[in-house]
Amino acid sequence: MAKPFNPFEHHHHHDHDHDHDHGRIVDLDPAQRSLNDSLKVSFFILKLVMVVMIIIYLCSGIFIVRTGEVAIVLRLGSIVGD
């Protein structure tokens, strides 16, 4: 089975001998590491904001009818129930 292509790996085809290991993981330089960390934090915050917005949206249809008040439920402009 062929290994999936990763554009961030070192790829070249040649027949000469040389001294570098194609299987090792290259350490990220500090700028790349910082970018990677900041993207992880940004995506975590984005996911958190999205979850909060979904919860707010789902709760936006909840309302309380107090004693002495009457509520009318409309679905697509028609009254639902009695």
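Heads up: numbering here begins at 1 and tracks the sequence.
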Please tabulate, one pair per line, all N/O donor-acceptor pairs under 3.5 Å involving side-chain atoms of residues 36-46, not counting sequence neighbours.
from: Ser38; atom 1: OG; to: Ser34; atom 2: O; distance (Å): 3.2
from: Ser38; atom 1: OG; to: Leu35; atom 2: O; distance (Å): 2.9
from: Ser42; atom 1: OG; to: Ser38; atom 2: O; distance (Å): 2.8

Any chance you could pull the hydrophobic cluster mates of Val51, using side-chain heavy atoms under 4.5 angstrom and chaining through other members?
Ile55
Result block: side-chain N/O donor-acceptor pairs under 3.5 angstrom for residues 66-74, not counting sequence neighbours:
from: Glu69; atom 1: OE1; to: Arg66; atom 2: N; distance (Å): 3.2

